[in-house]
There are 2 protein chains.
Amino acid sequence: MATITRGELAKRCDINFETVRYYERQGLIAIPARNASNYRVYDEETVRRIRFIKRAQEVGFTLKEIQDLLALRVRRGARCSDVVARADAKIADIDARIRSLGAMRRSLVALAKQCEGGDASISKCPILDAFEAPA
Amino acid sequence: MATITRGELAKRCDINFETVRYYERQGLIAIPARNASNYRVYDEETVRRIRFIKRAQEVGFTLKEIQDLLALRVRRGARCSDVVARADAKIADIDARIRSLGAMRRSLVALAKQCEGGDASISKCPILDAFEAPA
DNA sequence: CTTGACCTTGTTGTTGCCTACAAGCTGTAG
DNA sequence: CTACAGCTTGTAGGCAACAACAAGGTCAAG
């Protein structure tokens, strides 16, 4: 039942058919098993993995960084202290991104509020204030 | 005092000298005034603008999207309802990104905790759980 | 038993975002 | 007055992340 083809995988993850092969070449997904006809066969974990990749990309991680994220759990033999250190670094990175987004959000809210006040002339620029919060 | 050259601008914003010209071509910064020697001269607002661009890029906005963000305040003649609607859309977008990052953060914290517990064998994969929160 | 959708490989093209020339003008320090 | 950093233009190169071929094998429907 759980034999997913390349086309099905692409459709379910909403990515291009060829992108699957690209991710395979880049080592982002495991090299898949093949059926009798030499077709690639995938499982549900690959679906989840690609969806994770997409979400991580949307918030600004490069494929290389995503590889790092995914590699954290793969190295079963890795020492825990190392994994923790790498995880902590990524958490700090994520926190910085969240702070940046928070600053932008506040700027946009201020902009919208200025408009709603009926003040048609936007004198100052709240958007550019976003940089004030240190990255 | 406030005459900033291209090289100074690049240095202060920590971007490449040529990138300034690229941003000018893309309409991300205003076409600058020129001094007697035909050198581009910039002001502090351009510094802030480029810093904003950099921060927005780091959290995953494309240059096109950043242009949209910056355009929100430029159109002085724009109707307020329009600006508010566009700002609200961007806020929703930002909220989605923050939620994604929050899910990833929780996954990483769970991973680190599993490790700290002295449990050297990482059985499940908390990172892949990140996709469970809807984008 | 052929049509058409799907898969295989290798290779090339595209888009976004820079980055790096070359050839020449400008401005200042020694 | 010359060296040298810094500016000008136009144009070309480069990397990430795909996307799109071509030429052919596979398989279910009619």
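Each chain gets a letter, A, B and so on, in the order its sequence line appears, and its residues count up from 1.
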Of B/T19 and B/N35, whose nearest nucleotide on DNA chain C comes first from the 5' end?
B/T19
d(CG, A/L9; P, C/dT8) in whole Å:
11 Å
A/R97 NZ/CZ over A/F61 ring centroid, <6.0 Å and within 45° of normal:
yes
Interatomic distance where CG belongs to B/N16 and C1' belongs to C/dC18 [whole Å]
8 Å
For A/F17 and C/dC7, what is the distance between atoms CZ and C1' respectively, to the nearest whole Å?
6 Å
Nearest-angstrom distance from the residue atom CD of A/E8 to C1' of C/dA5
13 Å
Provide, to the nearest angstrom, the distance between the CD1 atom belonging to B/I4 and the C1' atom belonging to D/dG6.
16 Å
Determine yes or no for a side-chain-to-main-chain donor-acceptor pair under 3.5 angstrom, with A/R6 supplying the side chain and A/Y39 the backbone.
no
Shortest non-hydrogen contact between B/M104 and A/A56, atoms and distance
CE-CA, 3.2 Å
What integer distance in Å separates B/L28:CG from C/dG16:C1'?
12 Å
Show each protein N/O and nucleotides 28-30 of chain D N/O combination with a separation under 3.5 Å, one pair to a line.
none

Rounded distance in Å - CD (B/Q26) to C1' (C/dT15):
12 Å
With heavy-atom distances below 4.5 Å as the criterion, would you say the side chains of B/F52 and B/L69 are in contact?
yes
Identify each atom pair where a protein N or O and an N or O of nucleotides 9-16 of chain D are less than 3.5 Å apart, giving names and distance.
residue	atom	partner	partner atom	Å
D/dT9	OP1	B/R34	NH1	3.4
D/dT9	OP1	B/R34	NH2	2.9
D/dT9	OP2	B/R40	NH1	2.6
D/dT9	OP2	B/R40	NH2	2.6
D/dG10	N7	B/R21	NH1	3.1
D/dG10	O6	B/R21	NH2	2.6

Between atom CD1 in A/I31 and atom C1' in C/dT9, what is the gap in whole Å?
15 Å
